[in-house]
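Working notes for the structure below.
Just so it is clear: chains get the letters A, B, ... in the order the sequence lines come, proteins before strands, and each one is counted from 1. Values reported hereafter were calculated over all heavy atoms of this structure, with side chains retained and with hydrogens, waters and symmetry mates removed.
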Number of protein chains: 2
Amino acid sequence: MTCYIIPPMDAPEETYPKPIVSVDLTIFGLTEVGLEVLLMQRGAEPFANTWALPGGFIHVGEDSDLESAARRVLYGKTGVETPYLEQLRTIGNAARDPRGWSLSIAYFALISADNVRLRQGTNATDVAWRPVDEAAALAFDHMEILRSALTRLRNKVEYSTLPVHLLPVRFTLGELQSVYERILGRRLDKSAFRKRIAEADFVVPVAGEMRRASNRPAQIYRVRKGHKTIFFNRTI
Amino acid sequence: MTCYIIPPMDAPEETYPKPIVSVDLTIFGLTEVGLEVLLMQRGAEPFANTWALPGGFIHVGEDSDLESAARRVLYGKTGVETPYLEQLRTIGNAARDPRGWSLSIAYFALISADNVRLRQGTNATDVAWRPVDEAAALAFDHMEILRSALTRLRNKVEYSTLPVHLLPVRFTLGELQSVYERILGRRLDKSAFRKRIAEADFVVPVAGEMRRASNRPAQIYRVRKGHKTIFFNRTI
DNA sequence: CCTACTTAGTGTGTTTTGTCAACTAAGTTC
DNA sequence: GAACTTAGTTGACAAAACACACTAAGTAGG
């Protein structure tokens, strides 16, 4: 067991113990059901057997920075490599963890759900997708974090190209519009939608590739290389 | 000196030392010079005598949560009570502090500069306003934090009522427009500006009170009670 | 007291943008 | 080959943004 001593510095500061620090992730995916979040059943106290957001401690000496700690937690516990990861907020207070003053740096991730193979090579007791609106009674203050993440996601979806990260690498404009509609919970005008997407100029048609169904085939698109999330100046 | 032992939990997790955790503030104010940021000269190593953002450690057992730690740092080091405080981002890596793996939760604050009395009852070596564009060579990675704060501020100013927090409680619409213009660095159309402000409906005229000068007097306004920052759906 | 000047505050015509719905296109199914 | 479905485009009308000019109400200076 490690005994860690805070180095002396400003006279009165060195006498305070350090808070517990963890990194927690809200991982969103879009399945047939709709928008879902990846949850884990905790194996240890506190909150043993309760569902929680995937999370872990920082490995001082191994993790070079916060984001790589988040990526390690994500990969180590779910086998998922995430194409989109963004810092959400940091929550810290004396009450959120029965073990004492605790700090959680919350991240939110978007993944293409069909890249995920749950319960393969993970050390989690149980890992599962849950519809965002059905998650309840999570460990710690993870419900509050989840609500923050949902708010942030819905806000950004209104104004940005963020939702492409929920799709596979190849998709049609109809599928892209459907992603926006399912997250926002309302229908969008096809003509206006396509105008916005064209102006943002972040997707390119894949020459010759079409999605075939029992109707007119649709052009397949992919995200332009080096794409950074673009923000519209109007709602989508 | 305190020796703090991490409580046992998940088997492999307990062996890692905790990172250093601090709270740092970027405090903006608007003076005759323009947009300025409050800096302190550090009294102790590392980076003794170097200018830095005001900051400090969390007082586990005294601070109830992160935001109150931020308010304590702000008040204790500058004597300023801030009307607007917002969490910016959390930076953590092995290189930013020579003492080891360190974490900084950065906040950004807006204050009405005329409420500030610098160097009165503070324990800081030196405290001063510095123009945001002239700050350079700050301690740690505080320049990066300052740049993040500036980006966030300018983005929000484009789309929100945030700048009122930089003004005294009573102000004219001309003064409010001037705040927007000075932060954004461009002129705004008076007619369009007033339409946006009127639609947002967050300021109310103070009956009978006018700002007198060598021209037509201007109506004085104040912020509507209980105002939360309003976001426009177009640029200001 | 009259004119010039300055900033407050409003109005207006043009241009741009959003909205809605219809239309053509190109496949499948029966 | 007719009916159906979704893809993709077009255009008319309404609404909002923009630029700029106008009126209002004070002070300053002769």
Heavy-atom side-chain contact between Y84(B) and L162(B) under 4.5 Å: yes
Residues E144(A), R89(A): salt bridge by 4.0 Å N-O rule: yes
E36(B) side-chain N/O to G29(B) backbone N/O, donor-acceptor pair under 3.5 Å: no
For the student: nearest non-hydrogen atoms of A70(A) and L25(A), plus distance: O-CD2, 3.7 Å
Five-pair end axes of the helix from dC1(C)-dG30(D) to dC30(C)-dG1(D) and the angle they enclose, rounded to 10°: 0°
Distance-only donor-acceptor hits, side chain of residues 132-140 of chain A, under 3.5 Å, sequence neighbours excluded:
none

Rounded interatomic separation in angstrom, taking CG from L176(A) and P from dA7(D): 12 Å
Pairs touching residues 171-191 of chain A that satisfy salt bridge (charged side-chain N to carboxylate O under 4.0 Å, His left out), sequence neighbours left out: E158(A)-R186(A), E175(A)-R211(A), E181(A)-R187(A)
Heavy-atom donor-acceptor pair, R216(A) side-chain to dA7(D) base, under 3.5 Å: yes
Phosphate OP1/OP2 of dG8(D) contacted by R194(A) side-chain N/O (<4.0 Å): yes
Closest nucleotide among dA25(D), dT9(D), dG27(C) to the P217(A) side chain: dG27(C)
side-chain hydrogen bond (donor to acceptor under 3.5 Å, both in side chains) contacts touching residues 226-236 of chain A (sequence neighbours left out): T161(A)-H227(A)
Spacing of E175(A) atom CD relative to dT6(D) atom P, expressed in whole Å: 13 Å
Separation of dC23(C) C1' from K190(A) NZ (nearest whole Å): 11 Å
Basic-acidic side-chain contact under 4.0 Å: E209(A), R170(A): yes
Interatomic distance where CZ belongs to R187(B) and P belongs to dA19(D) [whole Å]: 13 Å
SB check E67(A) R71(A) (cutoff 4.0 Å): yes
Return the polar atom pairs (N/O with N/O) between nucleotides 15-21 of chain C and the protein under 3.5 Å, or none.
{"residue": "dG18(C)", "atom": "OP1", "partner": "R196(A)", "partner atom": "NH2", "Å": "2.8"}

Whether over 12 other heavy atoms sit under 6.0 Å from Y75(B) OH: no
cation_pi(R42(B), W51(B)) dist<6.0 Å, angle<=45: no
Between P of dA8(C) and OH of Y221(B), the distance in whole Å: 12 Å
Between C1' of dG27(C) and CD of Q219(A), the distance in whole Å: 15 Å
Would you tabulate the nitrogen or oxygen pairs shorter than 3.5 Å linking the protein to nucleotides 27-30 of chain D?
none

Nearest-Å distance for atom pair CD/C1', residues Q177(A) and dT9(D): 14 Å
Length of the line joining I197(B):CD1 and dA8(C):P, which is rounded to integer Å: 14 Å
